[in-house]
Amino acid sequence: MRLRFAPSPTGALHIGGARTALFNWLLARQSGGSLLLRIEDTDIERSSAENVEQILDALSWLEIQFDEGPVMQSSRRGRHVEVLRRLLSEGRAYHCTATAAEVAAYKREHGQERGFRGVESAEGAVRLRVSDSGKTVVNDLIRGPTRFAHVHLDDPVIARADGSVLYNFAVAVDDLDAAITHVVRGEDHLPNTPKQLLVLEALGAEPPIYAHLPLLHGPDGRKLSKRHGAASVQDLRDAGYLPEAVRNYLALLGWGSGSEETILSTEQLITRFDITRVSRNPARFDPVKMRWMNGVYIRSAAVDALAEAILKHLDSIDGEAAAAVRADPRRFAKAVAISQEKLHTLADFWPLAGFLFLRRPTDPKASRRWLDADGRLRLAETRHRLEDIGQFDEQAVRHALEGLVLELGCRPGEVYQPLRVAIAGVTVSPGIFESVALLGREETLKRVDAALEASLSAST
RNA sequence: GCCGCCAUCGUCUAGGGGACUAGGACGCCGCCCUCUCACGGCGGUAACACGGGUUCGAAUCCCGUUGGCGGUACCA
């Protein structure tokens, strides 16, 4: 199979485009074929180099490699003009001076019930000649045969009056020249397909096989947009998602493996993916499920790989945090180990475990709840026990604190929560024994003293 | 308006005439585990849009209605 992913650089690569790229890639890998990346920039006005960079960057982050390209559609202008001349000379296409306004007026009257046919002239835009009779059938791998009666089709404009070619023409020529065998793209292209088929037919060429993917919607059921937060691939990366988890989640949007498994490695996706099993109805992107799945991948990751990913993430979003973590790699590795099972995204690490590297202000609400007079009493006693520990490790800390709980005859949380608030500033953290041991005796005692003092003065 | 696509739990889906009192996953609820938060375990909630056919039998096939979506550019 020879496939292609052909985004237009008119905006960031969104998850819909990412899924299209993924499906193409899975097919290419599975079949031992190749994947071509083509940038559809025939609309110079709306295309930008930054967007091309963004798309390349997004695909690279997703670890979706292409075998050929990127080729810029605009670079193929010479070939496009050549084919255009041929169609013109063979009478399959013609110049027409009908203005956009005239066509619009015609459409207002006839809608798409009767396609627009232009009058041939010496100059103007180039239109492909379509006869009123007959129909063009798109044999879609996902939808089956879809028929378009020619009466409803306009004579499509394939080149502007200035000679520049238009999308439906360029795509057909490029797919043909690249010997593309399978075109897998979004369903929004379905109405374009007969036009491309007609171009191919005029050229006497064998068309590729098509598969139109159902569209992706946002959580509200409407078209995906920035408003949904993680709509672009970069947003996903910045939100702390793992590429493999994103691939897994995206693959299951619109495609069911048939088995009851949900967590599928990329290798499994490659062997099991079946384009003909892709669903025909649109799917909603569900950030909640994406988050859950990312958590599954984080939990199953090797600690050092996870630490590396977290550090990289910190580098890109929080310089201060990254520096703090770099200053103590051993502590960082342990911090990751004791936080791992609580993370859903890479971004969750710092809020949860940052206190192990930097002191943070105490949350007033947490302080009021746990550092009242009774809490301070227990915290002061806790302080003594910690001070007396010989070897300050997790086992010893556990032993000391559990002993205190037993002696006081209180609920465990009544000892642990004041201590947690004292060292972390909040009521949530990794396990208290691990956290205290990792923080070390000196820093723990300092924070406990500070907390005792602050809460005492606050209450008087 | 017109052209086209689509229609199973809130969401992603399994299902392709009898195995369906419709399965799984996320979410949600309850219980358990428990030092917080998570994780994990157990249990529960919840769907075949509607109406006609076809058939001994329909979530599965056909038609219509309704609804959603896409397209309707000298955009891609």
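Below, read A as the first sequence line, B as the second, and so on, with proteins coming before strands; counting in each chain starts at 1.
Between A/Tyr106 atom OH and B/C3 atom C1' there is a gap of 14 Å when expressed in whole angstrom units. With rounding to whole Å, A/Met290 atom CE is found 16 Å from B/C12 atom P. Rounded to an integer number of Å, the gap from CG of A/Asn281 to C1' of B/G15 is 13 Å. With rounding to whole Å, A/Met293 atom CE is found 8 Å from B/A25 atom C1'. The CZ atom of A/Arg280 sits 11 Å away from the P atom of B/G15 (whole-angstrom rounding). Rounded to a whole Å, the NZ atom of A/Lys289 is 9 Å from the P atom of B/A25. In this structure, the CD atom of A/Glu414 is 12 Å from the P atom of B/U36, given to the nearest Å. Rounding to whole angstrom units, CZ of residue A/Arg19 and P of B/C12 are separated by 12 Å.
Across the P atoms, B/G53 and B/A59 are found 15 Å apart, a figure rounded to whole Å. The gap from the P atom of B/G64 to that of B/A25 amounts to 38 Å, rounded to the nearest Å. When the P atom is compared between B/U11 and B/C20, the two are found 25 Å apart, to the nearest whole Å. B/G10 and B/C6: their P atoms are spaced 23 Å apart (whole Å). Taking atom P on both B/C9 and B/A14, the two are 13 Å apart, rounded to the nearest angstrom. If you take atom P in B/C26 and the same atom in B/C69, they sit 29 Å apart, rounded to whole Å. For the P atoms, the distance linking B/G17 with B/C3 amounts to 32 Å, nearest Å. Taking atom C1' in both B/C33 and B/G41, one finds a spacing of 8 Å when rounded to whole Å.
Tested against A/Asp155 for a salt bridge (Lys or Arg N to Asp or Glu O under 4.0 Å), the candidates A/Arg129, A/Arg117, A/Arg127, A/Lys195 yield a single pass: A/Arg117. Just one residue in the list A/Arg86, A/Arg85, A/Arg79 forms a salt bridge (Lys or Arg N to Asp or Glu O under 4.0 Å) with A/Glu82, and that residue is A/Arg79. Between A/Tyr249 and the choices A/Phe285, A/Trp255, A/Tyr241, A/Trp292, the ring pair (Phe, Tyr, Trp, His ring centres under 6.0 Å) rule is met once, by A/Phe285.
A donor and an acceptor atom, one from each side chain of A/Arg420 and A/Gln417, are located under 3.5 Å apart. Checked by atom type, the side-chain pair A/Glu267/A/Ser265 shows no donor-acceptor distance below 3.5 Å. For the residue pair A/Asp140 / A/Thr146, no side-chain donor-acceptor distance below 3.5 Å is found, with atom types taken as modelled. Residues A/Ser133 and A/His150 bring no donor and acceptor atom of their side chains to less than 3.5 Å of each other.
Closest contact between the side chain of A/His189 and the listed nucleotides B/C26, B/C35, B/A76 involves B/A76. Closest to the A/Ala283 side chain, of the nucleotides B/A38, B/A25, B/U13, is B/U13. Listed nucleotides: B/C26, B/C5, B/A76. Nearest to the side chain of A/Gln73: B/A76. For A/Asp286, taking side-chain heavy atoms from C-beta onward, the closest of the listed nucleotides B/C35, B/G15, B/C26 is B/C26. Closest to the side chain of A/Glu187, from the set B/C5, B/C35, B/C74, is B/C5. Ranking B/C26, B/C3, B/U13 by closeness to the A/Trp292 side chain, first place goes to B/C26. When distances are taken from the side chain of A/Gln417 to each of B/C35, B/C75, B/U13, the shortest belongs to B/C35. Nearest nucleotide to the A/Leu166 side chain, out of B/C74, B/U11, B/C35: B/C74. Listed candidates were B/G27, B/U36, B/C74. Nearest to the side chain of A/Lys342 is B/U36. Among the nucleotides B/A14, B/C26, B/G71, the one closest to any side-chain atom of A/Pro191 is B/G71.
A donor N or O paired with an acceptor N or O is not found under 3.5 Å between the base of B/C12 and the side-chain atoms of A/Arg284. Side chain A/Asn192 to base B/A76: a donor-acceptor pair is found below 3.5 Å.
Counting non-hydrogen atoms under 4.0 angstrom, A/Ser429 reaches a base of the nucleic acid. No contact: A/Tyr249 has no heavy atom under 4.0 Å from any strand. Contacts of A/Glu40 with the nucleic acid, taken as non-hydrogen atoms under 4.0 Å apart, involve only primed sugar atoms and P, OP1 or OP2. Within the nucleic acid shown, A/Arg291 has no heavy atom closer than 4.0 Å to any nucleic acid atom. Looking at heavy-atom distances under 4.0 Å, A/Ala98 makes contact with a base. Among the protein residues, A/Arg411 comes within range of no part of the nucleic acid, since none of its heavy atoms lies under 4.0 Å from any strand. In this structure, A/Thr427 reaches the bases: a heavy-atom distance under 4.0 Å links it to at least one base atom across the strands shown. In this structure, A/Leu252 reaches the sugar-phosphate backbone alone: every heavy-atom distance under 4.0 Å involves primed, P, OP1 or OP2 atoms, never a base.
Between A/Tyr106 and A/Phe116, the ring-plane angle classifies as perpendicular under the 30° and 60° cut-offs. Between A/His80 and A/Phe169, the ring planes are perpendicular. Angles over 60° get that label, and only those under 30° would be called parallel.
The partner of B/C5 is B/G68, by the rule that a Watson-Crick or G-U pair needs both atom distances under 3.5 Å. Within the shown strands, B/C56 is the pairing partner of B/G18 under the Watson-Crick or G-U definition, both distances less than 3.5 Å. Pair assignment for B/C33 gives none, since no Watson-Crick or G-U wobble pairing has each distance under 3.5 Å. When both distances must be under 3.5 Å, the Watson-Crick or G-U wobble mate of B/G10 is B/C26.
Both A/Gly258 and A/Ala6 lie close to RNA chain B; mapped to their nearest nucleotides by heavy-atom distance, the more 5′-ward contact belongs to A/Gly258. Toward the 5' end of RNA chain B, the nearer of the two residues A/Leu343 and A/Gly124, judged by each one's closest nucleotide, is A/Leu343.
Residue A/Arg299 has no polar side-chain atom (N or O) positioned under 4.0 Å from OP1 or OP2 of B/A38. Close to B/A76, at under 4.0 Å from its OP1 or OP2, lies a side-chain N or O of A/Thr42. Between A/His344 and B/C39 there is a side-chain N or O to OP1 or OP2 distance below 4.0 Å. Residue A/Arg277 places at least one side-chain N or O closer than 4.0 Å to OP1 or OP2 of B/G15. Neither OP1 nor OP2 of B/A76 sits under 4.0 Å from any side-chain N or O of A/Arg46.
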Trace of the side-chain hydrogen bond (donor to acceptor under 3.5 Å, both in side chains) decision for A/Asn139 with A/Tyr210: CA-CA 7 Å; A/Asn139 284 307; A/Tyr210 294 91; over 6 Å; no
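Ring stacking is absent between A/His217 and B/G68, as the pair misses the limits of under 5.5 Å between centres and under 30 degrees between planes.
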